[in-house]
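Take a look at the structure below.
The chains referred to below are lettered A, B, ... by the order of the sequence lines, with proteins before strands, and numbering in each begins at 1. Quick note: numbers below take in every heavy atom, side chains included, and nothing from hydrogens, waters or symmetry partners.
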Amino acid sequence: MTEESASLNFIEQLVADDLAAGFPSEKLRFRFPPEPNGYLHIGHAASICLNFGLGEQHQAPVNLRFDDTNPAKEEQEYVDAIKRDIQWLGFQWANELYSSDYFQQLYDWALQLIKEGKAYVDEQSAEVMAAQKGTPTTPGVAGPHRDRTVQENLDLFERMKAGEFEQGSYVLRAKIDMASPNMLMRDPILYRIVKKAHHRTGTDWVIYPMYDWTHGESDYIEQISHSLCTLEFKPHRELYDWFLDQIIDPTLLRPRQREFARRNLSYTVMSKRKLLQLVESKTVTGWDDPRMPTISGLRRRGYTPESIRHFSDLSGISKRDSVTDVSLLEYCIREDLNKTATRVMAVLDPVKLVITNYPAGKTEILEAENNPEDPNSGTHELPFSGELYIEREDFKEEGGNKFFRLSLGNEVRLKSAYIIKGESVVKDTNGTILEIHCTADLDSKSGSGTEASTRKVKGTLHWVSIPHAIKAEVREYDRLFLEEAPDSHEDKNFMEFVNPDSLKVINEAYLEPFLKEASVGDKFQFQRLGYFTVDKDSTADKLVFNKTVGLRDSWAKQNPAPAPTPQASQPKPTNQGGGQDQGQRSALNEIQKIAKKYTNLSGDKLEAARTDIARLAEEVSYEELEPLFQTAAKKVGTRIGAMITLGVLLNKGQARNAEIEAFIAAGLADEDAQLVEEAKVVSSGLPK
RNA sequence: UGGCUGAUGGUGUAACUGGCAACACGUCUGAUUUUGGUUCAGAAGAGUCCAGGUUCGAGCCCUGGUCGGCCAACCA
């Protein structure tokens, strides 16, 4: 994406600043460092687009480095999936690297640390060490092995490496500062013993380096100029720098870590641990289930790389926690597919339509536009007959004048075909409609050029010719969670919010025969319904389609479905995940907020504001209010709010005192008419 | 009783060294339309968490608060 964005995000700005300060652009180098313990998700896309985007902007190399220091969790399958996803997004890495490539170097540096008295072997239990570490508010204390001799440390570490000790029995720790306010500096672990084969180094090693010891040094080895990571690593920066200080050659480039906020999406979860739980609990069918926010899931759902990159672009990069609304993602895929997807017709919930004046047994081939947005997209053949399926919800016996579809006595256009008029219905004993009978204006054929063919009718319906239709399975998806931020509730597990109806399977949908040759990944717009893509579960004799996203539907908005899905959520009760909402703001705080703009209001809004303040004032105590009496004279709104609140308190029996009298007096003497009025009300002691 | 960090319409981001708070999504009108899609025209919605200060002028600077996030894995 080479959008010459008017303003750079703060990371891009930082790189630009470095360049401006004299950093040589040929030394710019970035990296994307996933741990191969799960699939990439839409949150990772932010980091991928950031790093690779920076690489593209500055013609700088971007390495793909697998952070594979924990054989207990990492697997080759994930390595393969990650590479596939990055390439699919359209990025090319300069080098495919692995932290495990650096195990020997890391080991050598560890030896150096030991010799310099900066690392020691500890064999206490994890619990004991944790206890010695203290808490964020209390300093830690030294363990009994902290001052072992270099010789002893060397010997023990050597034996750890040789496999003499059991898994978990010994660790190597850096000797930094057990009293540091930063917990990470309290003698962090460098190496632990893990007796499990590594996906690349096999059984060569039984000691594995920890993240902190590995990451910065790997950046240094690769001469990464800007090491970008998410906010939760901010406290690690001090350690990152400490480790670098121990081994750095000042003639080489020193990597710098910078942090940005991770991206959350509404109505889903975004941590590999939680996604793994969805997979393992069989809540979804796998990492690439179309309901998953993984890159693989989105791809299978029908998203395009362009749409995801555009989404990343629009979402931006910042330093605050946020939850991006899925509607932005949906906008991005609609925008892309609108321009590129071939238009076809499919009926998902069929009802039979018979055209009584169309010759029995006759068939004709019509011409259907492939994409009205693209004049060069051409047309395809579309068979028509006297017996069709239309969507059940496209017919009502009595439509009313806001119903632009088929009803008795009314005309609609059959897309790319004829104008028809509803005549009668055939029902079963339960009243269910079995057939709709109608007549066609046989002169109105689409594109025929006749006067009748250009007549305007109020609606257009999609349809499929029964004798020509092919059957297919269609899978419709809804959001996976019912809550906007499912993992932000302290008292509830995110699994409690799983949407039980996130998948709806239509076993027999009817499609126009043009679709017969569609292959996996092909994308179509089923006219008036949405965008659909061919799923990999399709077989030679049965197509399976995934619904990517529906078309925008202003009709549905006016007609709330009988069982509404949690679509466009109106009220937002809580929003802890975003860190946006200020939680339960105090009543006084609320008053201040309203009062601040009080003088800008008039009419109904002014009345409403006054009422709100008076209502909120019921919950305010005098002790809370008094400080507001000091409000600067020019902040009239706040003083009016305080005055109204004071009036409520006085009516509730608050005794007058010197401060109150002074505040009222000041109000009466003010030049703002509204304030004077409120002050008069209060001073008279009568409620307004 | 700690350290780090953040706060701008419903949502996500902008606002170069202080200078009329902008863009996108979403929402609502209207027009066009053989998709209740697209496109086009327009509207509503924040005075920038609160208070004090500096300044001719503060979302940006200073002080003090409030509220949120992260930090005590032999995970990354």
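Counting any heavy atom pair closer than 4.0 Å across all strands shown, A/P33 reaches no nucleic acid atom. Residue-level contact check: A/Q167 touches neither bases nor backbone, having no heavy atom under 4.0 Å from any strand. Among the atoms of the strands shown, none is found under 4.0 Å from any heavy atom of A/K272. Heavy atoms of A/R263 sit nowhere under 4.0 angstrom from any nucleic acid atom. If you check every strand for non-hydrogen atoms under 4.0 Å, A/F233 touches a base.
Because its NZ or CZ atom is both nearer than 6.0 Å to the ring centre of A/W205 and within 45° of the ring axis, A/K161 counts as a cation-pi partner of that residue. The cationic group of A/R479 lies under 6.0 Å from the six-membered ring centre of A/Y267 and within 45° of the ring axis, placing it in a cation-pi geometry. Cation-pi geometry between A/K396 and A/F403 is met: under 6.0 angstrom from the ring centre, within 45 degrees of the axis.
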Set out, line by line, the N/O atom pairs under 3.5 Å between protein and nucleotides 38-43 of chain B.
from   : atom 1 : to     : atom 2 : distance (Å)
B/rU38 : OP1    : A/R552 : NH1    : 3.3
B/rU38 : OP2    : A/R552 : NH1    : 3.3
B/rU38 : O2'    : A/N338 : ND2    : 3.3
B/rU38 : O2'    : A/E373 : OE1    : 3.0
B/rU38 : O2'    : A/E373 : OE2    : 3.3

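Base orientation of B/rG6: anti, the glycosidic angle falling outside 90° of 0.
Between the base of B/rA24 and the side chain of A/H310 there is no donor-acceptor pair shorter than 3.5 Å. In the interface, the side chain of A/R413 is paired with the base of B/rU34 through a donor and an acceptor atom under 3.5 Å apart.
Considering only side-chain N and O atoms, A/K234 lies nowhere under 4.0 angstrom from the phosphate OP1 or OP2 of B/rG3. OP1 or OP2 of B/rU13 sits under 4.0 Å from a side-chain N or O of A/S318. Within the structure, every side-chain polar atom (N or O) of A/S169 is placed at least 4.0 Å from both OP1 and OP2 of B/rC74. Not one side-chain nitrogen or oxygen of A/S315 sits closer than 4.0 Å to the OP1 or OP2 atom of B/rU13. Within the structure, every side-chain polar atom (N or O) of A/R186 is placed at least 4.0 Å from both OP1 and OP2 of B/rG2.
In this pair, A/Y331 does not lay its aromatic ring on the base of B/rG26; centres under 5.5 Å and planes under 30 degrees do not both hold. A/W555 qualifies as a stacking partner of the B/rG36 base, centre to centre under 5.5 Å and near-parallel within 30°.
In the set B/rG26, B/rA76, B/rG2, B/rG2 carries the atom at the smallest distance from any side-chain atom of A/P136.
Looking at RNA chain B, the stems built from 3 or more consecutive Watson-Crick or G-U wobble pairs, each pair with its key distances under 3.5 Å, are B:2-7 with B:66-71, B:10-13 with B:22-25, B:27-31 with B:39-43, B:49-53 with B:61-65.
Salt bridge status for A/D321 with A/R262: absent, with no side-chain N to carboxylate O gap under 4.0 Å.
Distance alone, capped at 3.5 Å, is enough to place a donor-acceptor pair between the A/K195 side chain and the A/G163 backbone.
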Decide yes or no on ring pair (Phe, Tyr, Trp, His ring centres under 6.0 Å) for A/F532 and A/F524, but give the supporting numbers first. CA-CA 5 Å; A/F532 294 75; A/F524 300 93; 9.7 Å; no
